[in-house]
Protein chains: 2
Amino acid sequence: MAAQRITIRDVARAAGVSTTTVSDALSGRGRMNEETRERVRATAEQLGYVASAAARNLRLGRSGTIGVYLPNQTVGYDYYTYLSRGAAQEALGHGYALTMIPPWDDAAQLRALHLDALIVSDPSTNDPVMPILRGLPVPMVTCEPDLADGADPAAVIRIDHARSVRNLLRHLRSQGARRIAALTPPTDTGFGVELRESLAVPDVELYDVGFAFVPDELTESMHQVLADRPDAILCTPDGAAAMAMDLLPGQVRVPEDMLFAAYTDTPGLALARPSVTAVDLQPALTGALAVRAALRALGQDLPRGPRRVATELRVRESSTRRR
Amino acid sequence: MAAQRITIRDVARAAGVSTTTVSDALSGRGRMNEETRERVRATAEQLGYVASAAARNLRLGRSGTIGVYLPNQTVGYDYYTYLSRGAAQEALGHGYALTMIPPWDDAAQLRALHLDALIVSDPSTNDPVMPILRGLPVPMVTCEPDLADGADPAAVIRIDHARSVRNLLRHLRSQGARRIAALTPPTDTGFGVELRESLAVPDVELYDVGFAFVPDELTESMHQVLADRPDAILCTPDGAAAMAMDLLPGQVRVPEDMLFAAYTDTPGLALARPSVTAVDLQPALTGALAVRAALRALGQDLPRGPRRVATELRVRESSTRRR
DNA sequence: CTGTTAGCGCTTTCAG
DNA sequence: CTGAAAGCGCTAACAG
């Protein structure tokens with residue numbers, strides 16, 4: 001607690017230089033004698049000096065904080081956990097703190113946080129908090145496009161769903177799939193819309209299921225699906241896959257009688273019996289890219305990331321024909 | 001972005017008072033004419049004034065930020081998601097930001113965040129990051145006790161496992177259980193230790209399974225369990241329950257032939273077939289209490305929370321004898 | 001190449 | 001009950 005008492009002046013005094021020199025030496029700014037810089041660094045280290053974030057932020061007119069919005073519906077979906085962790089890590093590496101923004105409708109309190117930027121993953125047009133967040137005087141980075149009217153994010157991180165879906169379908173076909181049933185998410189988010197577009201091909205039949213699926217609805221959907229006698233099922237909503245597989249009647253074996261795949265990969269899918277083929281959407285990378293885009297929007301000179309996040313197909317037992 | 005240009009002096013000028021008065025009026029400090037206060041408030045609101053967090057933090061010698069450590073092994077466990085959200089919400093309500101601390105071994109960078117306090121849920125004695133976090137000059141609040149030597153948290157939020165287990169066992173017995181097999185978590189955390197202690201009763205047999213369970217190990221454990229012919233299984237590790245139930249041989253029906261319960265409740269357990277009895281450990285409340293304890297440690301005058309977090313038994317199909 | 005100085009916006013004595 | 005002024009610790013102009 002008392003550790004914070006050491007200021008830049010203490011270091012300056014101890015090193016026999018001015019505060020400017022200390023500041024420059026530690027931040028790598030300015031052109032100065034390399035040995036002075038090293039000496040200052042050593043002194044600072046030795047004294048246990050840690051620059052005050054508050055003072056720096058005040059001086060620089062920022063808060064050093066990036067917010068990540070975590071809507072209620074994201075609870076239970078590992079995707080968001082990984083995304084936030086990836087974002088937190090990247091932010092920390094750049095000296096920024098990643099702050100969790102729970103659903104919160106008091107705009108004043110959100111403004112008081114004085115975020116430098118805001119990250120939102122897959123915003124829903126139905127989310128009542130989103131308009132409040134959009135109203136904050138802060139650059140917003142979305143992962144997946146924001147479909148709302150007048151949405152105007154500073155940057156959008158796009159995931160390459162078109163390619164992911166193509167690869168996954170190609171794989172299923174290679175294992176003999178001819179009629180693929182796809183359980184699809186709602187269209188109130190960029191993810192949902194893009195996914196449906198990608199799935200609009202002749203041998204795929206779409207079946208609506210909610211994002212926050214309810215067992216009875218899912219049961220219903222599965223009945224419909226099975227009635228149409230597909231030879232492969234692609235279960236898109238994150239988290240629904242295990243349950244959907246459980247809902248298959250006992251006589252329908254996976255993968256012998258029915259190929260099965262999920263879309264969003266999750267550790268549980270690798271552990272399921274049989275293990276479930278899915279697409280690793282690289283959420284941690286997505287989060288990291290979102291932070292970088294945010295920092296770019298704040299004027300930092302960082303290399304531009306890839307245009308689209310590349311995904312990885314994880315082929316597992318549920319879609320592999322045994323010989 | 002330009003919104004932040006309005007300072008306390010602008011408000012003071014507009015309201016025809018001094019900056020002190022504005023500060024006092026908005027923070028509710030000082031004894032002043034109520035109508036002056038109201039006028040100042042109105043002016044501030046009208047100008048869209050938002051106090052600069054950086055300036056306030058600098059003045060007050062704090063950062064306005066509480067960190068929550070999210071170890072790797074927590075990914076995929078809803079418990080931590082709820083805990084962090086509860087904490088974030090409580091923090092936001094008190095004007096603090098909750099920052100995610102990913103596993104990170106650079107102490108300097110962590111120190112640079114200049115956290116006011118740190119929250120850790122169920123610290124493991126095997127976690128290499130914990131010593132670094134303990135070394136931070138910051139009060140630490142743990143949820144569950146920290147078992148490590150020399151650990152000295154500012155506060156500990158305790159969950160009432162003894163009572164939870166007692167209630168759960170009583171329920172199982174009331175449904176006819178006489179020999180209960182309990183799959184228990186490792187003892188490197190306070191949770192694991194306390195749980196085992198609570199389960200040390202004659203009609204309960206303990207079976208070790210890891211926290212981050214592996215399917216093969218779990219299969220192995222289940223074989224052992226079944227060989228001992230229990231009439232009820234209590235699966236403690238968060239997330240393992242659904243898988244454990246799947247591993248029961250087909251002829252063992254739940255709940256007819258075997259009662260089944262989990263410990264840490266999770267939305268998936270309510271959706272499983274059959275739905276699984278479990279204990280709602282109130283993670284969001286735990287997170288909120290942790291934040292309050294942290295703020296108390298920082299000198300804020302908040303009411304002391306309950307000595308132990310009270311839990312709720314959620315009885316579902318898997319442990320209900322049908323008639 | 002380094003030092004002095006001003007000031008970011010707030011809260012808090014201390015006078016009036 | 002209200003105002004003036006100092007100063008939290010830092011960085012960016014500007015001098016030297």
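Only heavy atoms go into these numbers, but all of them, side chains included; no hydrogens, no water, no symmetry mates. All chains are named by letter (A, B, ...) in the order of the sequence lines, taking the proteins before the strands, and each is independently numbered beginning at 1. What you see is a predicted model, and the numbers here were worked out from it, not measured in a lab.
The salt bridge (charged side-chain N to carboxylate O under 4.0 Å, His left out) contacts involving residues 61-70 of chain A comprise nothing, where partners must be two or more places apart or lie in separate chains. A salt bridge (charged side-chain N to carboxylate O under 4.0 Å, His left out) check over residues 63-83 of chain A, counting only residues at least two apart or in different chains, returns nothing.
An OP1 or OP2 oxygen of D/dT2 is reached within less than 4.0 angstrom by a side-chain nitrogen or oxygen of B/T36. Residue A/S18 places at least one side-chain N or O under 4.0 Å from the OP1 or OP2 atom of C/dG3.
Under the salt bridge (charged side-chain N to carboxylate O under 4.0 Å, His left out) criterion, A/R296 pairs with no residue, sequence neighbours left out. With sequence neighbours left out, the salt bridge (charged side-chain N to carboxylate O under 4.0 Å, His left out) criterion links B/E194 to B/R308. Partners of B/S18 according to the side-chain contact (heavy atoms from CB on, under 4.5 Å) rule, which considers only residues two or more places apart in sequence or in another chain, are B/T20, B/T21.
At whole-Å resolution of the value, CG in A/D10 and C1' in D/dG9 are 11 Å apart. Residue A/E35 contributes atom CD, which lies 9 Å from atom P of C/dT2 at whole-angstrom precision. One atom, CD1 of A/I6, and another, P of D/dG9, lie 11 Å apart when rounded to the nearest Å. Protein atom CZ of A/R9 is 11 Å distant from nucleotide atom C1' of C/dT5, rounded to whole Å. Summarising the geometry, the separation between CG on A/L26 and P on D/dC10 is reported as 10 Å, rounded to the nearest angstrom. Rounding to whole angstrom units, CG of residue B/N57 and C1' of D/dC10 are separated by 14 Å. For B/L58 and C/dC10, the CG to P distance is 12 Å, given to the nearest whole Å. For A/R62 and D/dC10, the CZ to C1' distance is 11 Å, given to the nearest whole Å.
Residue B/G16 is the one, among A/A54 and B/G16, whose nearest nucleotide of DNA chain D lies closer to the 5' end (criterion: closest heavy atom).
In this model, no donor atom of one side chain and acceptor atom of the other lie less than 3.5 Å apart for B/T125 and B/D188.
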| task | Using a 4.0 Å cut-off on protein heavy atoms (strictly under), produce a 5'-to-3' string for nucleotides 11-16 of chain D with B for base contact, S for backbone-only sugar-phosphate contact, and - for none. | result | BBB---
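To the nearest 0.5 Å, atom CE of residue A/M130 and atom OG of residue A/S124 are 9.0 Å apart.
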